[in-house]
Amino acid sequence: MGDVKNVRIWFQKTGAAKYISHLDLTRCMARALKLSGLPVWYTEGFNPHIYMTFSMPLSLGVSGLRECMDIRLTEEAGLEEAAEKLRHYLPQDISVLSAAVPEDPFDAIAYGDYELRLESEAPECLWLAIQELLAQDAVLVKKHTKKGEKEVDIKPHFTQMEHKAMPGWLALRAVLPCGLQGSVNPSLLLEALSEHKNLRPYVEITRTKLLKKDFSDIR
Amino acid sequence: MGCKEKSLNTMGEIRKEKGMKMYPEELERALLKVQKPGRYVGGEALSVVKDKKDVEVRFAFCFPDIYEIGMSHMGIKILYGAFNRVPYFWCERVFAPWVDMEAEMTARGVSLYALESGDPVKDFDFIGFTLQYELSYTNILNMLKLAGIPLRSADRTELFNIVVAGGPCACNPEPLADFFDLFFLGDGEEVDLEVMELYRQCKKEGASKGEFLRRASQIQGVYVPSLYDVDYHPDGTVKSYTPKEGVPATVRKCSINDMDSAYFPDSFPVPMIEVVHDRVSVEVLRGCIRGCRFCQAGFLYRPFREKSIETIDRQCRDLCASTGYDEISLSSLSTSDYSRLNELLDRLHTWTEQQKVSLSLPSLRVDNFSPELMARVNSVRKSGLTFAPEAGSQRLRDVINKNVTQEELMRTVTVAFREGWTRIKLYFMIGLPTETMEDVLAILSLGQDVVDAFYQCKDKPKGKAVEVSLSAAAFVPKPFTPFQWFGQDTMEVLREKQRELKSKNPSRRVSVSYHGAETSFLEAAFARGDRRLCAVLEKAVEYGLRMDGWDECFDFDKWMEAFAACGLDPAFYASRQRGFDEVFPWDHLDYGVTKGFLMEECRRAYAAKTTPNCREKCSGCGAGCFKGGICVGGR
């Protein structure tokens, strides 16, 4: 592979960009990297393409405030300069925060820190309903997987939530498993609310950061 | 532990902080309920956002189909760039929402909006549509409806919301005549701007819409349908078109003579979601030398005009440097007819390989496929090759002037097999003039011959089987072609031909597919329709018809109801054989090619006589009146 340097790009995916799929995101990144003129490393083989590897993909519609991907540079390039160049060529709602030397491998990612903003005219009542829901012995929801539907108990994952009622909104914070060993999609809470409580509030979900096993930030 | 105030700042606020509004706020709640929400949010790199304070004329460029199709279209990219180059014009993009989004928008009272500003289409000075195919006509009316704009031109009385259109179907715009204020005929790069300037001038002068339209009608390439009265014979055919208020009796299309100095964009909005043609596309030539008698584009875009290698090379470099794409498609009606194709490809290779950019040709011809050419275009996948012999028998290929021989096809597929291809797709049409069942079945024997050629090929790929797929579309006669007089095969006849094809398939290595006879029938009715069809379109949209090009939306019975409700018979337009003396609804539109030439070509067709292509010999079609391209540059 020669003398290549791993670089981790930290970015946000918000606004219009939250509505594009992970595959679309990789295509946008590839075009921006090509335009940046950075000395990116290409995979070898019959059909070479820019090497990029992403942390945990975001679901369609979920914003990410601190996402990352790794690239490889074949020559020395300033990290700040790399971030600046890439920022320039990306659509406005995919914004580069910084470029850094990776400290943790991606398989160290264990949790996602999520914020859910539920629309509600009576946020305290909605919070009560959620507490009622989570007071059940188990909160079963149907999870759609490649092998078909299966029922899972989401209760253990959502009991530690924080909440804050604001005019018109209920804000929740949940730290959920998110890693190669398995993930819990924050929207499962909404499915449970729908199935068990017949409540379907409009929700905006944001992943604020990715965490390691000890709940410290991935770096 | 409380929630952190700052990180709870969600999308809405982030967007507000940045001062961006790309789609109406109310839609945020709808976007997660629809398929591919990325279609509706804008925000692409290189989209043009201007300050409204600096803008005098706003143009909503409407593509009457979904985002992924519209964003693959060359014309929108050219005109978007050309309009936005003028500081006081602002052109934005609008696409037809898919049915799920349409329902959400309607339920929420959100009207159709443009992707750059998020502003409603009804706020725009111009609402411009591109007419690419007849089955998108209901989408046009539906988009106007979703925009809250009165459908009929007569109901829009102010000098505002001027509804215009261009594109190939503008050559017979009569089925849309009541809805549009004006049509652009031919190349739009220059005339569109001229009309926008005129509008700007008329606004300043406080002129009326009528005054604006009268002045616009004096510009070459501008057709104002309301300034022509139509009379009909008792049998329903056209008697005459009468120009009013001093407008020209015939309207001649615009033709750009010098493709090298013509405007071509150096950037365009790069979609964030995958679109149909997700690559750089550079037009290498306009027009076609061939003169295939079924092909409308081949006559509409005459004369044949090439760009120089230098121009193409520069445009490819510029677009790669602005968009970041790593694939270039060299597009045109027939790219392999570019006179210096190998030289062009060699020139592009001086930088594309090093920049890891691949080249592709969208159209291959049977008669110039070679290993040398294939080595130069690296993106043709080994999996499948597509050719279009169009007809199964040599006689019928002569009738349609598709000058491809059986020997050429066999030589080409043998080369392809030797080079490692094993899947060949062949496109045909059924329902061509003079076609017999024997001609139809010749499609199958041609397929069998290709299979045989594979087994006879000594250097064929080892251990692989050959697959030949034959695809048969139903022929739709179009205006400005030698077959514009031809009565289309009825649906019964077409279905009979399809059945024969399916049931007499000789080989397991051959597969046969065909397209619906019903959509072709409808397409034929609108292609050669007249103004009375406006009522049918209006009725169809009232019945909820739109997205007719999509199987899941197409409802033939509803269409027949719409025709019946208006007292019109679609067969009158689609299946009726016309006489040479009939006045057509498009006879007052002039595309250079004369009716006399088309008649002569029609006679030659029925005599199975071919006509040489423009490079071999000038046939005097009439396009020489534009004094451009191959008509003056020698061959």
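First the proteins, then the strands, lettered A, B, ... as listed; each starts at 1.
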**Student:** Assess whether a salt bridge exists between A:R207 and A:D113, defined as any Lys/Arg side-chain N lying under 4.0 Å from an Asp/Glu carboxylate O.
**Tutor:**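 So A:R207 does not pair with A:D113 through a salt bridge.
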**Student:** Measure B:S322 against the heavy atoms of chain A and call it side chain, backbone, both or neither at under 4.5 Å.
**Tutor:**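 Contact with chain A: backbone only.
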**Student:** Quick check on the interface: out of B:G42, B:A45, B:S47, B:C320, who has the most heavy-atom pairs with chain A under 4.5 Å?
**Tutor:**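 Sorted descending by pairs with chain A, the first entry is B:A45.
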**Student:** Give a yes or no on whether a salt bridge exists between B:D326 and A:K34, defined as a side-chain N under 4.0 angstrom from a carboxylate O.
**Tutor:**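 Result for this pair is no, no salt bridge flagged.
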**Student:** Does the ring centre of A:Y111 sit less than 6.0 Å away from the ring centre of A:F215?
**Tutor:**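 Yes, the ring centres sit under 6.0 Å apart.
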**Student:** Could you tell me if the ring centre of B:H73 sits under 6.0 Å from that of B:F63?
**Tutor:**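 Under 6.0 Å, so yes.
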**Student:** Under a 4.5 Å heavy-atom cut-off, does chain B meet the side chain of A:L33, its backbone, both or neither?
**Tutor:**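 Neither part, no heavy atoms under 4.5 Å.
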